[in-house]
Amino acid sequence: MKYRKIVIVGATSFIAHNCARLWAEQGAESFTLVGRDVERTTSVGQDLRSRSSAEGFKVSCRQVGDFCSPGEVEDAVREICGDGIPDLVLIAQGSSAEANSELTASSGKLSASLALNGISPLLFAQAFANRMQDGDGQIVIVGSVAGDRGRASNYVYGAGKSMVDTFVQGMRHYMALNGRNLEVSLIKPGPTFSPMTAELVGSMKLADVRSVAEAIVAGVRRRKKVIYVPFKWRIIMLIIRLMPDFIFNRLKI
Amino acid sequence: MVEFSSWGQLYKAPHRLYAPAHRFSPLPSVTGDPPGGKLLPWGNGRSYGDACLNSHGTLIWSAFLDSILDIDPAAGTVRVEAGVLLRDLQRLLVTRGFMLPVTPGTQEITVGGAIASDVHCKNHHRFGTFGCHVLSFTLLRSDGQILECSPDSNSGYFRATIGGMGLTGFVTEATLKLRKVSGSLIRAEYHKFASLDEFCVLARDSGKDYEHTVAWTDCISGSGGRGIFMRGNHEDDPKVRFAGRSLGFPFTPPVSLVNGLSLRMFNAVYYWLNSRKSKPFLINYDKFFYPLDAVTNWNRIYGPKGFYQYQCVVPGKDGMEAVREIQKLISRSGEGSFLGVLKTFGDMKSPGILSFPMPGFTYALDFPNRGTKTAKLFADLDAVVRNAGGRLYLAKDARQPRELFEAGYGSSLEEFARYVDPGFSSDLSRRLMGF
């Protein structure tokens with residue numbers, strides 16, 4: 001299937017950029033890229049244009065200065081949907097760059113992290129859903145395995161991501177009860193090689209971003225509701241979720 | 001600190017790693033707190049020796065600079081970020097009727113690495129080196145300068161960076177000239193030869209009508225000098241195919257699997273199989289140009305001690321005498337080589353100041369690391385190269401003595417040093433250039 005209009009929110013995310021490349025190579029007709037930094041977002045657009053196999057390929061960029069501002073998000077989504085309802089929206093912003101201890105030491109940083117990883121994706125998701133719920137498009141949000149169970153090493157980031165998880169479950173339930181065809185999916189990547197994780201190279205095995213993107217694109221095409229990438233994280237997280245506290249609380253994970 | 005080793009896997013060394021998220025990121029400070037040591041660009045780590053290592057210093061990894069910024073079909077050019085792999089670029093270009101004019105024996109290298117090593121191809125006699133097709137690039141310097149370099153602007157930096165082994169700064173993006181092709185196929189012929197004299201005849205006769213020429217030589221068969229001469233041209237056929245997934249060598253065996261027995265068997269089988277392909281046949285470009293890419297991590301076959309590649313160029317017509325001498329020395333030493341690639345370099349000049357090729361013959365040989373035995377052989381080979389007025393390829397080198405380096409590259413070194421970034425350094429530059 002060829003997508004007519006794809007919106008990527010947080011387009012400079014390495015995972016999102018790699019998914020967009022695959023969709024462009026497969027013939028998607030147009031992209032709208034939403035980002036904070038114009039120069040970098042434009043650069044992603046140039047890359048998609050070079051790789052696109054579609055005739056009359058179109059790519060446009062929409063800058064959003066504050067991803068956590070309800071007003072800015074609403075304006076951007078209204079404008080983007082004004083010239084055509086997208087058939088696929090990928091929402092990928094987020095940051096795990098700061099250590100948990102830094103975030104818990106400062107209420108300001110704690111709040112900013114929860115806003116960027118939790119609230120911001122949901123503002124976008126709901127704003128798009130309000131306009132897309134009559135069609136059979138797809139909204140895909142990048143969550144994380146970190147949202148499956150709070151762990152000492154990254155529970156601030158994890159809390160933002162688990163908020164997204166709960167919200168997506170609710171949206172899916174709502175769509176089912178109301179007979180809507182809009183598909184809302186959640187992606188849960190394990191640690192993946194990207195600028196955010198580059199400093200872990202050598203101390204931890206990171207998944208190759210290209211294969212992560214291929215798995216996401218395949219899962220989205222099959223309209224799966226939760227996509228763990230790489231797949232092994234579905235099993236690992238199942239074990240971690242089911243683990244009783246008396247064991248869990250002794251593990252440094 | 002992260003442990004890195006080069007393709008030859010001769011040693012591992014700790015490095016700080018800095019991977020800029022985008023090409024607009026500044027370089028890290030050389031005098032930071034704590035000091036990160038000097039800087040060196042890291043592309044995909046495919047140079048064999050110590051050119052890509054900067055022990056206890058910082059590597060600037062271009063992994064995230066992998067965007068293709070523009071393809072201009074009318075002008076036949078492409079603008080790319082420096083971390084793009086040639087494999088990804090070629091796959092895209094070939095579907096648009098273009099290819100990179102020059103790629104080396106592996107396409108698992110970055111554009112930045114191809115510029116830094118000024119790589120060459122089987123078509124050197126027609127297209128020169130990679131650097132001959134670089135139109136411009138952006139160079140970040142450790143003092144914060146951003147230099148746009150081309151033959152017309154900052155031309156000294158342009159010429160020093162091509163073949164400059166990453167020592168002049170960090171290339172963030174480049175614009176390259178492409179060549180037109182129709183389709184992905186090569187029409188190839190493999191001819192066996194029994195001696196180096198026959199090789200010379202084949203090389204001379206093929207230069208005019210064939211774009212790609214290269215020979216594999218069997219360095220351990222008793223008679224000496226036999227091999228397979230491979231030549232080919234791009235086929236005019238719009239079909240585009242790609243080689244299937246590559247196999248991987250899954251682990252490093254405890255000892256080198258390359259030894260006298262396995263070499264003798266491999267060489268005999270390889271010679272026999274390929275000597276039966278003298279009729280022209282069609283082969284996809286990736287299988288013809290990059291046969292070793294079919295096995296990822298093939299370097300592991302040499303075991304934990306790693307291996308050396310010895311690649312020299314010996315100039316002029318007398319160069320063939322040196323090649324003969326090299327073969328004799330190898331055969332006498334009993335240190336056989338799995339790969340013995342022999343090729344004629346043409347007289348097309350690269351803009352690179354430290355560029356390796358010169359008109360003559362280039363010979364590339366792989367040797368498992370057997371310590372002093374291997375070192376003894378190399379010392380003998382060095383003498384032959386030096387007497388012939390030749391030099392060694394820096395992208396392959398891990399051990400040449402400084403005096404051979406200075407004899408080979410002598411006249412260019414002073415000019416090159418003027419453009420070196422004082423905040424950049426590598427294990428190779430410290431070993432051979434003193435900075």
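First the proteins, then the strands, lettered A, B, ... as listed; each starts at 1. When reading the values below, keep in mind they use all heavy atoms of this one structure, side chains included, and skip hydrogens, waters and symmetry mates.
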* Check side chain to side chain contact (heavy atoms under 4.5 Å, CB included) between A:Val73 and all other residues, then give those that pass, not counting sequence neighbours. =>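 Applying side chain to side chain contact (heavy atoms under 4.5 Å, CB included) to A:Val73 gives A:Val77, A:Leu123, A:Phe124.
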* Please look at B:Leu92 and chain A and tell me whether the side chain, the backbone, both or neither of the residue comes under 4.5 angstrom of a heavy atom of that chain. =>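 Side chain of B:Leu92 only, per the 4.5 Å heavy-atom cut-off to chain A.
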* **Under 4.5 Å from any heavy atom of chain A - which part of B:Phe24** =>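 Contact with chain A: side chain only.
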Could you tell me if the side chain of [Y] sits less than 4.5 Å from the side chain of [X], heavy atoms only?
X: A:Ser43; Y: B:Glu173; result: no
X: A:Phe14; Y: B:Asp66; result: yes
X: B:Asp88; Y: A:Arg210; result: no

* Might you confirm whether atom CD1 of A:Ile253 has over 12 heavy atoms from other residues, nucleotides or ligands at distances under 6.0 Å? =>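 More than 12 heavy atoms, drawn from other residues, nucleotides or ligands, come within 6.0 Å of this atom.
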* Heavy atoms of other groups near B:Glu3 CD, more than 12 under 6.0 Å ->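 Yes.
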* Asked: In terms of heavy-atom proximity below 4.5 Å to chain B, should A:Thr42 be classed as side chain, backbone, both, or neither?
  ->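 For A:Thr42, neither part sits under 4.5 Å from chain B.
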* Expected output: side-chain A:Ser50 to main-chain B:Ile68 donor-acceptor under 3.5 Å ->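 Such a contact is found between A:Ser50 side chain and B:Ile68 backbone.
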* Can you check whether B:Leu69's main-chain N or O pairs, donor with acceptor, with A:Asp47's side chain at less than 3.5 Å? ->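 Here the side-chain-to-backbone pair does not exist.
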* Pick from A:Gln46, A:Arg40, A:Arg49 with the largest number of heavy-atom pairs that fall under 4.5 Å of chain B ->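 Result: the option with the highest number of such pairs is A:Arg40.
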* Asked: Taking only heavy atoms into account, what residues of residues 192-203 of chain A are found under 4.5 Å from chain B?
  ->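 If one takes a 4.5 Å heavy-atom cut-off, the residues of residues 192-203 of chain A near chain B are A:Phe193, A:Ser194, A:Pro195, A:Ala198, A:Val201, A:Gly202.
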* To do: Grab the two heavy atoms, one from A:Arg51 and one from B:Ser67, that are nearest each other, plus how far apart they are.
  =>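 Looks like NH2-CA, 4.5 Å.
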